[in-house]
Amino acid sequence: MSKVGKLPVALPAGVTINVADGVITVKGPKGELKQDYNEAIDIKVEGTEIILTTKNNEKQTNAYHGLYRSLIANMVKGVTEGFTKTLIITGVGYRAEVKGKELVMNLGYSSDYIAIIPDGLTVVATPDGKLSISGINKQLVGEFSSQIRKLRKPEPYKGKGIRYDNEVIRRKVGKTGVK
């Protein structure tokens, strides 16, 4: 059995879960999330906990056990608290601003880069170079923030680029100019 899968998921007040026809639906104060799941896993709601069990002891089923437990825990956290990733844009002239459903960024290229903000996400750009991406779907928040970071990865000499707020960039020493 999976060590992660054995742990029950706490169900906070105001959150309802529905398991039917191979689809898990979690509703909460911030919204609703759906996830398909494999029928080899049994999902039961007992009081204020969600308990997952396996129908057999195969290796792939045990992997699904931990996977779906983590997905359900993320869904419950998403509909109650939500997820946020913060990016920091560093560089001379680098900036970002939100215009409706578009994120317009000047990243040192000859033209601005325009990214369409997916449904379900909110993006806030501050003048000091911080970009906050938030939503209820952890996968969507992480995917969009990684796509934005990929546009201009931080470089190790001057530290210019887009990085996560908790990311540490190992700086390198440039040319020394010794004769």
Could you pull out the closest heavy-atom pair between [X] and [Y], with the gap in Å?
{"X": "Lys30", "Y": "Thr80", "answer": "CE-O, 3.6 Å"}
{"X": "Val9", "Y": "Ala73", "answer": "CG1-CA, 4.0 Å"}
{"X": "Ile88", "Y": "Asp165", "answer": "CD1-CA, 3.7 Å"}
{"X": "Lys160", "Y": "Gly91", "answer": "CG-CA, 4.1 Å"}
{"X": "Gly5", "Y": "Arg69", "answer": "CA-CB, 3.9 Å"}
{"X": "Met105", "Y": "Ala115", "answer": "CE-CB, 4.3 Å"}

Between [X] (side chain only) and [Y] (backbone N and O only), is there a donor and an acceptor less than 3.5 Å apart?
{"X": "Arg171", "Y": "Lys158", "result": "yes"}
{"X": "Arg152", "Y": "Leu107", "result": "yes"}
{"X": "Ser70", "Y": "Gly66", "result": "yes"}
{"X": "Asn38", "Y": "Ala40", "result": "yes"}
{"X": "Glu155", "Y": "Tyr157", "result": "yes"}

* For side chain to side chain contact (heavy atoms under 4.5 Å, CB included), just list the numbers for Tyr37 and Ile72, CA-CA rounded to whole Å, side-chain angles, deciding distance to a tenth of an Å, and then say yes or no. => CA-CA 10 Å; Tyr37 73 97; Ile72 291 171; over 6 Å; no
* Could you go step by step and tell me if Thr54 and Ile41 meet the side chain to side chain contact (heavy atoms under 4.5 Å, CB included) rule? -> CA-CA 5 Å; Thr54 58; Ile41 304 296; 3.9 Å; yes
* To do: Answer yes or no on whether Lys85 is positioned over the face of Tyr164, meaning its NZ or CZ is under 6.0 Å from the six-membered ring centre and within 45° of the axis.
  =>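 Yes, Lys85 lies over the aromatic ring of Tyr164.
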Sequence neighbours excluded and cut-off under 3.5 Å, please list the side-chain donor-acceptor pairs for residues 118-145, or say none.
{"unit_1": "Thr122", "atom_1": "OG1", "unit_2": "Ser134", "atom_2": "O", "d": "3.4"}
{"unit_1": "Thr122", "atom_1": "OG1", "unit_2": "Ser134", "atom_2": "OG", "d": "2.7"}
{"unit_1": "Thr126", "atom_1": "OG1", "unit_2": "Asp128", "atom_2": "OD1", "d": "2.4"}
{"unit_1": "Thr126", "atom_1": "OG1", "unit_2": "Lys130", "atom_2": "N", "d": "3.2"}
{"unit_1": "Thr126", "atom_1": "OG1", "unit_2": "Lys130", "atom_2": "O", "d": "3.2"}
{"unit_1": "Asn137", "atom_1": "OD1", "unit_2": "Gln139", "atom_2": "N", "d": "3.2"}
{"unit_1": "Glu143", "atom_1": "OE2", "unit_2": "Gln147", "atom_2": "NE2", "d": "3.2"}
{"unit_1": "Ser145", "atom_1": "OG", "unit_2": "Val141", "atom_2": "O", "d": "3.0"}
{"unit_1": "Ser145", "atom_1": "OG", "unit_2": "Gly142", "atom_2": "O", "d": "3.0"}

* Assess whether side chain to side chain contact (heavy atoms under 4.5 Å, CB included) is satisfied between Asp42 and Lys55, documenting all intermediate values. => CA-CA 7 Å; Asp42 281 332; Lys55 291 184 179 176; 2.9 Å; yes
* Compare all side-chain heavy atoms of Thr25 with those of Glu32 and state whether any distance is below 4.5 angstrom. =>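 Thr25 vs Glu32: side chains touch.
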* Asked: Is there side-chain contact between Glu102 and Ile116, with at least one heavy-atom pair below 4.5 Å?
  ->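 Result yes, sub-4.5 Å side-chain heavy-atom pair found.
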* side chain to side chain contact (heavy atoms under 4.5 Å, CB included) between Tyr109 and Leu151: does it pass, once the steps are laid out? -> CA-CA 10 Å; Tyr109 298 117; Leu151 297 174; 5.5 Å; no
* To do: Please check if atom NZ in Lys101 has more than 12 non-hydrogen atoms from other residues, nucleotides or ligands closer than 6.0 Å.
  =>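 Yes, NZ of Lys101 has more than 12 neighbouring heavy atoms, counting only those of other groups under 6.0 Å.
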